[in-house]
Number of protein chains: 2
Amino acid sequence: MSDLRILYTFTKIYLMFSKGCEYAIRATIYVALQSQRNQCTNLKAIAEEVGSPVAFTAKIMQQLVKNNIVYSVMGPTGGFQMDKERIDQVNLSEVVNAIDGDAIYRGCGLGLEACDASQPCPVHDKFAKIRDDLQKMLEETSIYELATGLEVGMTFLKR
Amino acid sequence: MSDLRILYTFTKIYLMFSKGCEYAIRATIYVALQSQRNQCTNLKAIAEEVGSPVAFTAKIMQQLVKNNIVYSVMGPTGGFQMDKERIDQVNLSEVVNAIDGDAIYRGCGLGLEACDASQPCPVHDKFAKIRDDLQKMLEETSIYELATGLEVGMTFLKR
DNA sequence: GGCATATAGGATAAAAAGGTCTTACAATCT
DNA sequence: AGATTGTAAGACCTTTTTATCCTATATGCC
């Protein structure tokens with residue numbers, strides 16, 4: 001790792017999702033949990049609970065509302081909430097798609113623009129399998145499942 | 001996708017590796033192929049062949065040299081080359097590690113710093129499986145294998 | 001030796017992602 | 001009515017990532 005600092009300053013952990021998408025997933029899980037308790041959660045509480053910057057979280061919540069993942073309630077005692085049926089229906093894939101789009105499923109592992117089965121990059125097939133597994137996992141994982149783990153105290157959203 | 005442009009300007013395809021790492025993999029495969037033909041390849045040729053910016057590629061090649069993945073030869077007729085034994089030995093994981101470090105195996109899918117088996121984030125287990133598969137794949141894939149596909153004309157490094 | 005051609009390495013610049021602030025406004029509660 | 005909360009959009013700032021440039025140094029060849 002140390003040598004890398006010649007190339008990059010590098011503190012970032014390069015992973016699957018954009019930062020905004022990570023916040024979106026965490027926020028959705030939290031709102032789902034609160035919604036199960038029939039509670040509307042306001043922006044500040046969400047940001048605090050998922051450890052995300054307030055202003056940035058506001059943009060992300062707007063995006064989640066637009067994509068019909070959560071809904072918003074104006075006025076005092078307002079905030080964000082999820083329909084109870086939606087908690088079961090919405091899966092991780094939907095949330096990711098709302099923020100990052102579907103690039104994660106489509107993109108080439110080596111960054112080539114015109115990489116597909118007919119003109120594959122050297123790692124095309126090997127990556128395709130990993131990506132398919134990822135996609136399947138994201139589609140099979142419901143927000144309900146994740147919120148439940150959080151409620152039971154088995155999982156955590158911060159730090 | 002269109003709605004996203006409110007949040008991000010977004011042309012980027014957010015994936016597994018940094019840009020530098022993608023170039024590194026492509027470059028290593030190309031150098032390996034040339035080395036099998038006992039040819040030393042200079043920077044300019046590499047950059048041209050893998051479609052990467054010359055100056056940036058120079059930095060990446062330095063990194064690959066430091067990590068003993070390729071070696072460099074100075075002076076006219078110089079460039080980069082791989083020991084023939086190394087072509088078999090080196091796997092994708094080594095190349096990735098040389099540029100991006102091992103963050104891809106360690107990092108939390110939701111970006112939490114203190115996420116592990118004892119204090120997992122809601123998607124910890126599901127991500128762990130995908131990441132383990134990715135790691136295994138990267139470790140099992142040799143540069144030799146990838147260079148061979150390229151030589152045979154089955155795979156491509158550009159566009 | 002002298003020259004051409006390479007890589008090495010530091011400094012710097014450009015672009016993208018991440019994040020903040022401000023302004024105007026709409027809804028809803030007390 | 002007034003306070004509180006979200007909506008929407010734009011301008012702006014900061015950090016990280018990506019990329020370039022310049023000078024030093026090594027090597028092969030004449």
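Each chain gets a letter, A, B and so on, in the order the sequences are listed, and its residues count up from 1. Heavy-atom basis, side chains included; hydrogens, waters and symmetry copies ignored.
Salt bridge status for A:Glu139 with A:Lys136: absent, with no side-chain N to carboxylate O gap under 4.0 Å.
In this structure, A:Gln62 does not reach the D:dG6 phosphate: none of its side-chain N or O atoms is under 4.0 Å from OP1 or OP2. For B:Ser72, a side-chain nitrogen or oxygen approaches OP1 or OP2 of C:dA8 to under 4.0 Å. Phosphate contact (OP1/OP2 of D:dT18, side-chain N/O of B:Tyr23, threshold under 4.0 Å): absent. Taking only side-chain nitrogens and oxygens, B:Tyr71 never comes nearer than 4.0 Å to OP1 or OP2 of C:dT7.
A 4.5 Å side-chain heavy-atom check between B:Met82 and B:Val90 finds at least one atom pair inside the cut-off.
When the options B:Leu33, B:Val95, B:Asp88, B:Asn91 are evaluated for a side-chain contact (heavy atoms from CB on, under 4.5 Å) with B:Ile143, the one that passes is B:Val95. The only option from A:Thr28, A:Val70, A:Asn42 that meets the side-chain contact (heavy atoms from CB on, under 4.5 Å) definition with A:Phe80 turns out to be A:Val70.
Listed nucleotides: C:dT5, C:dC29, C:dC21. Nearest to the side chain of B:Pro76: C:dT5. Comparing atom distances between the A:Lys19 side chain and each of D:dT4, C:dT5, C:dG19 picks out C:dG19 as nearest.
Between the CZ atom of B:Phe80 and the P atom of C:dA6 there is a distance of 11 Å, given to the nearest Å. In this structure, A:Asn42 atom CG and D:dT7 atom P are separated by 11 Å, rounded to whole Å. Atom CZ of B:Phe17 is separated from atom P of D:dT18 by 13 Å (rounded to the nearest Å). Between the P atom of D:dA3 and the CE atom of A:Met74 lies a distance of 19 Å, rounded to the nearest Å. Between the C1' atom of D:dT17 and the NZ atom of B:Lys59 lies a distance of 14 Å, rounded to the nearest Å. For A:Asp100 and C:dA17, the CG to P distance is 10 Å, given to the nearest whole Å. Rounded to whole Å, the distance from NZ on B:Lys66 to P on C:dG9 is 5 Å. The CD-P distance, from A:Gln63 to D:dT7, rounds to 12 Å in whole Å.
Taking CG of B:Leu146 as the start and NZ of A:Lys126 as the end, the distance is 7.0 Å to the nearest 0.5 Å.
Remark: nothing in residues 45-53 of chain B comes within less than 4.0 Å of DNA chain C through any heavy atom.
A donor-acceptor pair under 3.5 Å is absent between the side-chain atoms of B:Arg26 and the main chain of A:Leu112, judged by distance alone.
The 12-atom threshold is not exceeded at CD of B:Glu113, counting heavy atoms of other residues, nucleotides or ligands nearer than 6.0 Å.
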